[in-house]
Amino acid sequence: MIAPRLLTSILALLILIGCAAPERPIATARDAIEELKTGNERFAAGRARHPHSDRARRIDTAEHGQHPFAAVVGCSDSRVPVEIVLDQGLGDLFVIRVAGNVIATDETGSIEYVVEHLGIPLVVVMGHVHCGAVTAVLEGSHEHGSISELVGHIQPAVEKVRREHPGLSNEALVPFAVEQNVWHSIEDLIAHSDGVRGRITAGTLEVIGAVYDISTAKVRWLGRHPDEAALCRSSMHASN
Ligand SMILES: [Zn+2]
């Protein structure tokens, strides 16, 4: 049996070891992407760790503020809870969820807030397989009220994939439209945010696309927009 004093010493030593090896802060886009990739791999493999979800983390983030390492714009679909599928916890991600992961004025403002005030190095726009919002626009469902405004943000992506794949059925077009809709959201963000454009150009911010597969649980990482430099240049001129 371990004497109480010895037990106290062991506990103190364990606490000291814990203090001596703090978690490495995630300060660069590369580190942030790596963290999200490994988190999703854990979740997809059924080995989620549910990090930063305990009482200590809750109290720490409440007392010392939030320091998320990335922003994620995802769809509101109930099968795509961002922190769960990327295996992150309290204070890790600044998440914006909206049907069809569109980026309009409010979403742009939210991203500008986290980029400018919290200094995050990475924004991920994450669409998902079998997205109902994208499918509805492809099928031309007649929506009314505020839904029609939402549809307007997805429409350009749908029209582009229709032009690029004229022979395909609506069903076959869905995966292309989901990916194109991610690129279109990034285009909207770059076009409407001086702050985001400036940071991309300065190399202090990366904006990347991703598509989550609700069947396999795996994220397909798309990387930066292929026309990012041209988008930044043309938007810069347009706003002058
Ligand atoms: Zn969706």
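Residue indices begin at 1 and follow the sequence shown. On a predicted model such as this, the values are computed, not experimentally measured, just so you know. In listed order, ligands and their atoms are each counted from 1.
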Open item on the list: Tell me every residue that passes salt bridge (charged side-chain N to carboxylate O under 4.0 Å, His left out) with K160, counting only those two or more places apart in sequence or in another chain.
Closed with: E164
Task: Separation between CG of D60 and NE2 of H67, rounded to the nearest 0.5 Å - done: 8.0 Å
Open item on the list: Is the shortest side-chain heavy-atom distance between E206 and R30 below 4.5 Å?
Closed with: no
Task: Protein N/O/S neighbour count - the Zn ion (ligand 1), strictly under 2.8 Å - done: 3
Open item on the list: Please list all pairs meeting side-chain hydrogen bond (donor to acceptor under 3.5 Å, both in side chains) that have one or both residues in residues 119-135, counting only residues at least two apart or in different chains.
Closed with: none
Task: CG-CZ distance between L90 and R58, expressed to the nearest 0.5 angstrom - done: 8.5 Å
- [ ] Would you mind listing every side-chain hydrogen bond (donor to acceptor under 3.5 Å, both in side chains) that reaches into residues 88-111, with sequence neighbours excluded?
- [x] E35-Q88, H52-D92, R57-D92
